[in-house]
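Notes follow once the structure below has been shown.
Per chain, numbering begins at 1; letters A, B, ... match sequence-line order.
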Number of protein chains: 2
Amino acid sequence: MNFKKTYSISELSQEFDVTTRSIRFYEDQSLLTPGRRGQTRIYTSQDRVRLKLILRGKRLGFSLAEIRELFSLWDETTSGSEKQLSLLLIKISEKRAELEQQIKDIAMVQLELDSAESRCRDALNELTTKQKQQQTE
Amino acid sequence: MNFKKTYSISELSQEFDVTTRSIRFYEDQSLLTPGRRGQTRIYTSQDRVRLKLILRGKRLGFSLAEIRELFSLWDETTSGSEKQLSLLLIKISEKRAELEQQIKDIAMVQLELDSAESRCRDALNELTTKQKQQQTE
DNA sequence: ATTCATCTTTACGTTTACGTAAACTTCCTT
DNA sequence: AAGGAAGTTTACGTAAACGTAAAGATGAAT
């Protein structure tokens, strides 16, 4: 079902709502490495997953450089030396810490939104009850 | 205890590890409006809270424009008309949706980190067991 | 009185992440 | 054969978020 095998750049562009410019730019930054048929880029479902990961990273506010680092974290787990691997574990836990900070931040902002919403509802209530009073007077 | 009342720009700069340039830039973008004694900026604990909120927003990948929008969301809850307030409720729920998407994204990335970490540990294990074999041979 | 430390404004420079336009190829259709 | 749709490279432009001097004001300490 999900094995269409290959995608054109415009297909991916539409599916994920990004411009082809962006997709090519990500390739320029070595975040994607699609194959070619002649000049034309051909994206495998692996490439598609990569793109999905890129966009996910962006939604979290990561720069393309950081996303590239995350990718190499992943890739090097198969090929690293002992020092490399130890370093990787450190980097991984650093990323984890970032994410946990983000979770805390989100929780705080959610609280602020809660507060803003109830203030907003209160203000609305006051306005509409005043209107009713004016109507009956 | 926490009521030092006022802060200099460098105090805030050090406390939150941002440059004074950034702090002044945030003011330029109307995200901060400190008082003045002569030419010198004086920050109240309210301003300090604002700065904290700005940096929190940045950690979540929000642009300064979005952060400004969040602030005005908050501020307008006291002064808005009925239409304003209804619009605010919509915007608030939009922000909420963004945050929930971020939470999902974070969960996914955490899973990927889990996976990367165990791959990493496996690889390390193999390396060290091979070393032991070599030692005993 | 001068030397600092800290503050200020002004302004040009830089990086990131694309937007946008120009000019060209390829393939398909009419 | 001619046109159009979708792809390509090249390259200049741009908005955001600061960095980085330069040049001066202010207040405290020597």
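Using a 4.0 Å cutoff on non-hydrogen atoms, the parts of residues 12-35 of chain B near DNA chain C are Arg21(B), Arg24(B), ordered by number. Scanning residues 60-72 of chain B for heavy-atom distances under 4.0 Å to DNA chain C yields an empty list.
In the set dT8(C), dA6(D), dC18(D), dT8(C) carries the atom at the smallest distance from any side-chain atom of Thr40(B).
A salt bridge links Glu27(A) with Arg41(A): the closest approach of a Lys/Arg side-chain nitrogen to an acidic carboxylate oxygen falls below 4.0 angstrom. Salt bridge status for Glu117(A) with Arg121(A): present, with a side-chain N to carboxylate O gap under 4.0 Å. Under 4.0 Å is where a charged nitrogen must lie from a carboxylate oxygen, and between Glu112(B) and Arg56(A) at least one such pair does. Under the 4.0 Å criterion applied to side-chain N and carboxylate O atoms, Asp114(B) and Arg96(A) are assigned as salt-bridge partners.
Cation-pi geometry between Lys5(A) and Tyr43(A) is not met at under 6.0 angstrom from the ring centre and within 45 degrees of the axis.
Here the C1' atom of nucleotide dA6(D) and the CD atom of Glu11(A) are 12 Å apart, to the nearest Å. Remark: C1' of dA17(C) and CD1 of Ile54(A) are 13 Å apart, rounded to the nearest angstrom.
A donor atom on one side chain and an acceptor atom on the other are found under 3.5 Å apart for Thr19(B) and Ser22(B). Ser72(A) and Asp75(A) form no side-chain donor-acceptor contact under 3.5 Å, judged by distance and modelled atom types alone.
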Could you go through Phe62(A) and Glu69(A), starting from their C-alpha distance and side-chain angles, then the distance that decides it, and tell me whether this counts as side-chain contact (heavy atoms from CB on, under 4.5 Å)? CA-CA 10 Å; Phe62(A) 290 140; Glu69(A) 209 202 330; over 6 Å; no

Quick one: do Tyr7(A) and Asp47(A) satisfy side-chain contact (heavy atoms from CB on, under 4.5 Å)? Show the steps, please. CA-CA 9 Å; Tyr7(A) 306 82; Asp47(A) 294 323; over 6 Å; no

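Using modelled atom types, one side-chain atom of Arg68(A) and one backbone atom of Gln29(A) make a donor-acceptor pair closer than 3.5 Å. Under the 3.5 Å distance criterion, the side-chain polar atoms of Arg37(B) are left unmatched by any main-chain donor or acceptor of Thr40(B).
Distances shown here put a side-chain N or O of Lys58(B) below 4.0 Å from the OP1 or OP2 atom of dC18(D).
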Just the atom pairs and distances: protein N or O near nucleotides 24-29 of chain C's N or O, under 3.5 Å.
none

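Among the heavy atoms of the strands, none lies under 4.0 Å from Arg37(B).
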